[in-house]
Amino acid sequence: MTKKIEAFIREDALEAVKEALHAIGIVGMNVHEVRGHGRQGGIELAWRGSSYRMDMIPKIQLNIVLSDHNVEKTVETIIQAARTGEEGDGIIFIYPVEDVIRIRTGERGRDALSYPDDIDARKKAAVAAK
Ligand SMILES: Nc1ncnc2c1ncn2[C@@H]1O[C@H](COP(=O)(O)OP(=O)(O)OP(=O)(O)O)[C@@H](O)[C@H]1O
Ligand SMILES: [Mg+2]
C-alpha cells in the first residue's frame with residue numbers, strides 16, 4: 001500500500017525537517033508555499049497602535065508519497081524536527097494513494113517509488129551485510 005503524507009509545517013522548520021528526513025533515507029518529496037489557518041483562525045497582529053487579524057498564515061506544505069511501512073517513522077521524524085510546543089507547529093494528513101507511475105520508465109507502484117539509497121535500499125543492504 002502506498003500513502004501520501006501532507007505535513008503543514010512552519011517555514012523555519014523546513015531545513016531541519018528536510019535534513020532529518022534525508023538522514024532516515026526519505027528521498028522523494030516536494031514542497032509548496034501555502035497560506036492557511038488551523039483552529040485558532042489565524043493570529044492577532046499589532047501595528048501602529050491598532051490590531052488586525054492575519055487569518056491566512058504562511059506555512060510550508062511538505063508532500064511525501066511512500067510505502068505505508070515507512071509512514072510511522074517518517075511522521076515521527078517530521079514531528080521531532082518540526083515541534084516547538086507552541087501553537088502553529090502544524091498538522092499532518094495521511095492519504096491512501098491509488099498508484100504511482102514513473103513517466104520515463106513506465107514503472108508502477110512500489111517500483112516507481114524506489115530510489116537509490118532510500119530507506120528500503122538501506123534496510124536491504126543491512127540485511128545482505130549480515
Ligand atoms: N482542516 C484543515 N484542512 C486543511 N488545511 C489545514 C487544516 N487545518 C490546518 N490546516 C493547515 O495546516 C496549518 C497548521 O496550522 P496550525 O499549526 O496553526 O494548526 P492548529 O490546528 O491551529 O494547531 P495549533 O493549536 O498547534 O496551532 C494551517 O496553517 C493550515 O495551512
Ligand atoms: Mg494554530
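This chain uses plain numbering: 1 for the first residue, then up along the sequence. Being a predicted model, the structure only gives us computed values, none of them experimental. First listed ligand is number 1; within each ligand, the first listed atom is number 1.
- By the 3.5 Å distance cut-off applied to N or O atoms, Glu87 is not counted among the residues near ligand 1.
- Distance check: Arg108 CZ to Thr2 OG1 gives 11.5 Å after rounding to the nearest 0.5 Å.
- Counting only distances under 2.8 Å, and ignoring water, the protein N, O or S atoms around the Mg ion (ligand 2) are Gln40 OE1.
- Once rounded to the nearest 0.5 Å, the distance linking CG of Asp68 with NZ of Lys3 reads 4.5 Å.
- Taking a cutoff of 4.0 Å between a charged side-chain nitrogen and a carboxylate oxygen, Lys18 and Glu15 qualify as a salt bridge.
- For atom 13 (C) of ligand 1, the nearest non-hydrogen atom of the protein is Phe8 CB, 3.8 Å.
- When only non-hydrogen protein atoms are considered, atom 23 (O) of ligand 1 lies nearest to Arg39 NE, 4.2 Å.
- Of all protein heavy atoms, the one lying nearest to atom 31 (O) of ligand 1 is Gly36 CA, 3.5 Å.
- Near Gly88, meaning under 4.0 Å from one of its heavy atoms, ligand 1 places the atoms 16 (P), 17 (O), 18 (O), 24 (P), 26 (O), 27 (O).
- Among Glu86, His37, Gln61, the residue whose heavy atom lies closest to atom 10 (N) of ligand 1 is His37.
- Summarising the local packing, CD of Gln80 is surrounded by 12 or fewer heavy atoms from other residues, nucleotides or ligands at distances under 6.0 Å.
- Applying the 4.0 Å criterion to heavy atoms of Asp89 picks out, from ligand 1, the atoms 17 (O).
- The shortest N or O to N or O distance between Gln40 and ligand 1 is under 3.5 Å.
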Checklist entry - Would Met54 and Arg35 count as a side-chain contact (heavy atoms from CB on, under 4.5 Å) if you check the C-alpha gap in whole Å, the side-chain angles of each, and the deciding distance to 0.1 Å? => result CA-CA 10 Å; Met54 183 175 174; Arg35 296 190 308 138; over 6 Å; no
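- Regarding atom 7 (C) of ligand 1, its nearest protein heavy-atom neighbour is Phe93 CZ, 3.7 Å.
- In terms of N/O distances under 3.5 Å, ligand 1 is approached by Gly90.
- Each side-chain hydrogen bond (donor to acceptor under 3.5 Å, both in side chains) pair with one or both residues in residues 51-60, not counting sequence neighbours, appears once here: Glu44-Arg53.
- At a 3.5 angstrom cut-off on N or O pairs, Ile57 does not count as close to ligand 1.
- Residues Val34 and Val65 are members of separate hydrophobic clusters, defined by side-chain heavy-atom contacts under 4.5 angstrom among Ile, Leu, Val, Met, Phe, Trp and Tyr.
- For the pair Arg102 and Tyr115, the cation-pi criterion (under 6.0 Å, within 45° of the ring axis) is fulfilled.
- No hydrogens or angles considered: a donor-acceptor pair under 3.5 Å links the side chains of Thr105 and Glu107.
- No more than 12 heavy-atom neighbours from other residues, nucleotides or ligands sit within 6.0 angstrom of NZ on Lys124.
- With hydrogens left out, the protein atom closest to atom 19 (O) of ligand 1 is Gly38 CA, 4.0 Å, a heavy atom.
- Within 6.0 Å of CD1 in Ile103 there are 12 or fewer heavy atoms belonging to other residues, nucleotides or ligands.
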Next on the checklist: Pair His22, Met29 - check side-chain contact (heavy atoms from CB on, under 4.5 Å), show working.
Outcome noted: CA-CA 10 Å; His22 288 155; Met29 64 182 70; 4.0 Å; yes
